[in-house]
Amino acid sequence: RSRGLGDVYKRQILNDIGKLQEAELYARKAIELKPDFAEAYSNLGNTLKDQGNLDAAIESFDQAIAIDPKNLTAYSNRAYVRQQLGQFKAAADDYSAALLIKPDFHECHSSSLCTAQYMPNLALLDLKELHEDWEKRHAAQLKYFWPRHDTLEHMCAPLRIGLVSPDFRNHPVGSLI
């Protein structure tokens, strides 16, 4: 195992326990030891993001992508940061790039769909198509497990809806309830 890789793991542990300054030092040390290690730049970007230094995080994700243009996590994480900055078109482009690398990455596809909700120039029909595409890729395969409601008793019963989401504060649906 390379020395730079060990520093990446130390950075992850420190980041997870909230020691962000130390985590940043280990990420930078990993980059110093192995400047062509895309994961180290991506990890530095995550630490900078957690510190609230979003512009520097984007620069770090840019470096990771320059080294490894198929770095799925760097695209996805840069998209998240851009979304937080209100750069919705750039975020959508990053999510699209990540989905080209891994089309079945449902978390990324869901985030892309969420980002699309905030794009003011996106036509409603285009948004509908995005939702339909998500349904085809991710929900259609689960329809077999959905309960059937084809009896008169089910059709006449009150409809109960429960909404559970870890991101209602950021999700467009959360602003509608």
Side-chain angles (χ1 to χ4, degrees), residues 8 11-12 14-16 18-28 30-31 34-139 163-177:
V8 166
R11 187 230 50 103
Q12 182 63 49
L14 290 166
N15 204 70
D16 288 348
K19 295 187 175 186
L20 300 177
Q21 297 298 334
E22 288 180 65
E24 181 183 350
L25 291 175
Y26 274 100
R28 291 189 186 282
I31 290 168
K34 194 167 181 182
D36 62 342
F37 190 31
E39 186 179 348
Y41 284 98
S42 189
N43 283 320
L44 175 61
N46 283 326
T47 298
L48 293 168
K49 169 187 60 93
D50 292 345
Q51 291 174 345
N53 192 349
L54 302 182
D55 291 327
I58 287 176
E59 290 175 17
S60 192
F61 294 132
D62 289 345
Q63 286 289 334
I65 292 165
I67 293 167
D68 178 8
K70 294 191 183 248
N71 190 318
L72 178 68
T73 56
Y75 279 111
S76 180
N77 290 329
R78 185 173 70 177
Y80 174 80
V81 171
R82 286 178 164 171
Q83 183 179 353
Q84 297 304 303
L85 290 170
Q87 300 170 359
F88 300 116
K89 175 68 173 107
D93 291 344
D94 280 344
Y95 284 130
S96 293
L99 288 168
L100 286 174
I101 297 166
K102 186 177 179 187
D104 62 339
F105 187 13
H106 68 88
E107 295 94 341
C108 185
H109 201 179
S110 294
S111 296
S112 174
L113 193 57
C114 180
T115 299
Q117 307 292 325
Y118 294 101
M119 296 174 66
N121 297 329
L122 189 65
L124 289 177
L125 286 176
D126 293 335
L127 189 58
K128 178 182 179 269
E129 287 178 15
L130 291 173
H131 279 272
E132 288 171 347
D133 181 50
W134 187 95
E135 191 276 333
K136 281 183 216 165
R137 286 191 198 191
H138 308 292
L163 302 172
V164 178
S165 175
D167 66 348
F168 270 149
R169 64 183 156 72
N170 292 326
H171 198 279
V173 173
S175 64
L176 300 174
I177 18 183

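As the structure is a computational prediction, the values presented were derived from the model and not from experiment. Hydrogens, waters and symmetry mates play no part in the numbers below; they use all other heavy atoms, side chains included.
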So, taking the atom named CG in Leu122 and the one named CD in Gln117, what distance separates them when rounded to the nearest 0.5 Å?
8.5 Å
Stepwise side chain to side chain contact (heavy atoms under 4.5 Å, CB included) check, Cys108 with Tyr75:
CA-CA 10 Å; Cys108 185; Tyr75 279 111; over 6 Å; no
Does the pair Glu132 and Lys136 meet the rule for a salt bridge (Lys or Arg N to Asp or Glu O under 4.0 Å), with working shown?
CA-CA 6 Å; Glu132 288 171 347; Lys136 281 183 216 165; 5.7 Å; no
Spacing of Asn43 atom CG and Leu48 atom CG [to the nearest 0.5 Å]
11.0 Å
Working for side chain to side chain contact (heavy atoms under 4.5 Å, CB included), residues Asn46 and Thr73
CA-CA 10 Å; Asn46 283 326; Thr73 56; over 6 Å; no
Sequence neighbours left out, what pairs pass side chain to side chain donor-acceptor pair (under 3.5 Å) with at least one residue falling in residues 55-70?
Asp62-Arg78
Here the pair of heavy atoms bringing Ala64 nearest to Asn71 is CB-ND2, 4.1 Å
Rounded to the nearest 0.5 Å, how far apart are OH of Tyr95 and CG of Leu113?
11.0 Å
Once you round to the nearest 0.5 Å, how far does OG of Ser112 lie from CZ of Phe105?
11.5 Å
Candidate pair Glu24 and Gln21, rule side chain to side chain contact (heavy atoms under 4.5 Å, CB included), full reasoning
CA-CA 5 Å; Glu24 181 183 350; Gln21 297 298 334; 3.9 Å; yes
Once you round to the nearest 0.5 Å, how far does CG of Leu85 lie from OH of Tyr80?
10.5 Å
Assess, by modelled atom type and distance only, whether the side chains of Glu107 and His138 contain a donor and an acceptor separated by less than 3.5 Å.
no
Is a donor from one side chain sitting under 3.5 angstrom from an acceptor on the other, for Thr115 and Gln83?
yes
When rounded to the nearest 0.5 angstrom, what is the spacing between CG in Asn121 and CZ in Phe88?
12.5 Å
Listing request: all ring-ring contact (aromatic ring centres under 6.0 Å, His included) pairs with a residue in residues 43-72, at least two apart in sequence or in separate chains.
none
Test side-chain hydrogen bond (donor to acceptor under 3.5 Å, both in side chains) applied to Asp93 - qualifying residues, sequence neighbours left out
Lys89
